[in-house]
Protein chains: 2
Amino acid sequence: MQRTAAQEAEALFIRRWGEMAAGWGISRTMAEIHALLYLTTEPLCMDDMMERLQISRGNASMNLRQLVNWGLIQRIHHRGDRREYFTAETNVWQMFETIIRERRRREVEPIVETLERCQAMVAAELKTLKGKHREDAEIQLQRFRGILDFFAAMNGLSNAVFRLGPRGLATAAKLLQHA
Amino acid sequence: MQRTAAQEAEALFIRRWGEMAAGWGISRTMAEIHALLYLTTEPLCMDDMMERLQISRGNASMNLRQLVNWGLIQRIHHRGDRREYFTAETNVWQMFETIIRERRRREVEPIVETLERCQAMVAAELKTLKGKHREDAEIQLQRFRGILDFFAAMNGLSNAVFRLGPRGLATAAKLLQHA
DNA sequence: TGATAGTTTCAAATGGTTCTGAAATCAACA
DNA sequence: TGTTGATTTCAGAACCATTTGAAACTATCA
């Protein structure tokens with residue numbers, strides 16, 4: 001059976017999307033399922049995906065659940081069909097916002113909290129310190145502040161871009177060209 | 001021996017920084033070494049770090065090399081001392097730019113290349129297709145384009161922000177507030 | 001050139017994550 | 001409520017990246 005260009009392109013994209021995701025701490029399979037749904041117009045059921053990606057039922061189930069939790073795909077029920085179907089968000093802009101918000105919540109917030117605690121700990125001890133020790137503590141505080149400031153600025157920027165909506169990125173880039 | 005707040009804060013930050021990095025596809029140890037150097041004013045040698053982080057010589061060597069490759073830390077030689085010392089970039093802004101550029105080069109560029117190939121493959125076949133097949137192929141092309149456009153906009157924005165320099169992020173966010 | 005301190009390399013071990021497959025559970029319908 | 005088909009769970013298997021430690025290598029100095 002001759003494969004069409006569309007089929008080959010699909011396979012190629014799915015593979016690469018999975019590889020890229022793996023480099024960003026997202027499981028290859030989760031990304032592959034997402035890629036498959038992103039490219040497909042009709043909703044797919046679990047068996048479709050197991051067949052297409054050659055994965056086990058358990059694996060499919062776990063990763064589908066995660067994708068739903070992230071808000072990147074949706075469950076769909078067809079009347080008169082007991083199976084569940086899934087579709088992906090196809091608005092890339094929306095996808096991006098979802099991913100950024102989730103990762104911020106899961107990974108950035110904990111480190112910000114830690115940094116604030118570190119700052120507080122050292123600041124509390126600062127007045128009891130003298131000489132070299134005091135200088136060192138002050139430098140350490142600067143370092144913590146450096147990262148905190150960065151994250152704050154990053155949040156500000158991403159919120160501003162989100163606020164601009166779907167064309168936000170391009171608009172923002174254009175605006176900044178002339179800044 | 002009583003630990004100072006500064007020492008505890010250091011340990012806490014190093015641990016969390018490593019955990020965060022692990023969630024982003026960067027090895028825990030690499031990030032811990034980086035965190036240690038980021039907080040320390042004097043350059044450290046390999047043995048200092050092995051001791052401090054409880055890691056083997058080989059591990060330290062490999063990760064130090066990677067960090068140097070990324071451009072996040074520098075080798076330093078002290079006259080009359082055969083050992084190599086290392087320091088980290090402490091300008092968070094610069095750090096950020098370095099990381100974004102590296103990851104773009106390593107992870108984003110390959111997927112962009114793949115997407116362009118996918119597009120080309122499908123586009124070439126498009127004129128031979130009719131009816132439903134043609135519609136499907138057109139939708140697939142839209143999906144590929146969607147991601148490509150997104151990456152292009154993202155590149156544009158990050159370049160614009162880089163161009164603004166150290167205060168770029170904050171400036172950009174402020175500008176966009178009023179857009 | 002030999003001796004020594006320092007660094008890199010690499011095969012093997014480890015540890016942690018992901019995946020499988022079958023049993024348990026759940027939900028819809030008669 | 002029982003039957004059936006779909007989904008979830010989970011213990012063990014498989015897999016992969018990281019780490020170790022020792023040997024090889026390199027550079028410096030006497």
Side-chain angles (χ1 to χ4, degrees), chain A residues 14-37 43-70 73-87 103 106-107, chain B residues 14-37 43-70 73-87 103 106-107:
Chain A
I14 290 173
R15 207 174 326 127
R16 264 275 195 280
W17 195 246
E19 282 164 11
M20 182 177 77
W24 289 84
I26 289 162
S27 104
R28 177 192 266 54
T29 304
M30 182 166 149
E32 287 191 348
I33 292 177
H34 176 256
L36 177 56
L37 289 171
L44 300 179
C45 71
M46 212 159 83
D47 293 77
D48 294 336
M49 299 188 249
M50 287 164 58
E51 154 80 25
R52 189 67 192 47
L53 302 175
Q54 293 292 305
I55 57 176
S56 72
R57 190 169 296 285
N59 195 6
S61 173
M62 296 217 344
N63 283 292
L64 283 169
R65 178 223 290 271
Q66 272 212 286
L67 282 165
V68 171
N69 277 347
W70 274 69
I73 69 175
Q74 276 186 305
R75 296 191 132 84
I76 288 191
H77 295 277
H78 281 159
R79 192 163 306 285
D81 186 339
R82 191 175 294 186
R83 276 172 302 186
E84 286 188 312
Y85 289 78
F86 298 87
T87 39
R103 300 212 77 158
R106 293 167 196 229
E107 278 122 26
Chain B
I14 289 173
R15 207 174 327 127
R16 264 271 195 283
W17 195 244
E19 282 163 11
M20 182 176 78
W24 289 84
I26 288 161
S27 105
R28 178 193 262 55
T29 305
M30 183 166 148
E32 287 190 350
I33 292 176
H34 176 254
L36 176 57
L37 288 172
L44 301 179
C45 70
M46 210 157 83
D47 293 77
D48 294 335
M49 300 189 246
M50 287 164 57
E51 153 81 23
R52 199 60 219 306
L53 302 174
Q54 293 293 304
I55 57 176
S56 72
R57 188 169 296 284
N59 195 5
S61 172
M62 295 215 351
N63 282 293
L64 284 169
R65 178 224 290 268
Q66 272 210 287
L67 283 165
V68 170
N69 278 346
W70 274 69
I73 68 175
Q74 276 186 305
R75 298 191 130 83
I76 288 191
H77 294 277
H78 281 159
R79 192 163 307 285
D81 187 340
R82 189 176 297 186
R83 277 172 302 185
E84 286 187 312
Y85 289 79
F86 298 86
T87 39
R103 300 213 76 158
R106 293 168 198 229
E107 280 123 24

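Lettering of chains follows the sequences in order, A, B, ..., and the numbering in each one begins at 1.
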Nearest non-hydrogen partners of [X] and [Y], listed with the distance:
X     : Y     : result
B:L64 : B:M49 : CD2-CE, 3.8 Å
A:M50 : A:A60 : CG-CB, 4.0 Å
B:I73 : B:F86 : CD1-CD2, 3.8 Å

CG on B:L67 to CZ on B:R75, rounded to 0.5 Å: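 Answer rounded to 0.5 Å: 10.5 Å.
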Summary of protein contacts for nucleotides 14-23 of chain D, nucleotide by nucleotide, where a base hit scores B, a sugar-phosphate-only hit scores S (4.0 Å, heavy atoms): ----SSBB--
B/S/- contact track for nucleotides 25-30 of chain C, protein heavy atom under 4.0 Å: ---B--
Partners passing side chain to side chain donor-acceptor pair (under 3.5 Å) against B:R82 (at least two apart in sequence or in another chain):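 Applying side chain to side chain donor-acceptor pair (under 3.5 Å) to B:R82 gives none.
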Nucleotide [N], atom [atom2] - distance to [atom1] of [X] in whole Å:
X     : N      : atom1 : atom2 : result
A:M46 : D:dG5  : CE    : P     : 16 Å
B:M50 : C:dG6  : CE    : C1'   : 11 Å
B:D48 : C:dG6  : CG    : C1'   : 14 Å
B:R75 : C:dT7  : CZ    : P     : 9 Å
A:L44 : D:dA6  : CG    : P     : 16 Å
B:H77 : D:dT26 : NE2   : P     : 16 Å
B:R83 : D:dT28 : CZ    : C1'   : 14 Å
B:Q66 : C:dT7  : CD    : P     : 18 Å

Counterpart residues, salt bridge (charged side-chain N to carboxylate O under 4.0 Å, His left out), relative to B:E51 (two or more places apart): none
Donor-acceptor pairs are to be reported for all side-chain atoms of residues 17-36 of chain A against protein atoms at under 3.5 Å, with residues two or more places apart or in another chain.
| residue | atom | partner | partner atom | Å |
| --- | --- | --- | --- | --- |
| A:W17 | NE1 | A:H34 | ND1 | 3.3 |
| A:E19 | OE1 | A:R16 | NH1 | 3.0 |
| A:S27 | OG | A:M30 | N | 3.2 |
| A:S27 | OG | A:N63 | OD1 | 3.4 |

Residue pair B:M46, B:R57: steps toward the side chain to side chain contact (heavy atoms under 4.5 Å, CB included) verdict: CA-CA 8 Å; B:M46 210 157 83; B:R57 188 169 296 284; 3.3 Å; yes
For A:H78, all residues meeting ring pair (Phe, Tyr, Trp, His ring centres under 6.0 Å), sequence neighbours excluded: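 Ring pair (Phe, Tyr, Trp, His ring centres under 6.0 Å) check on A:H78 returns A:Y85.
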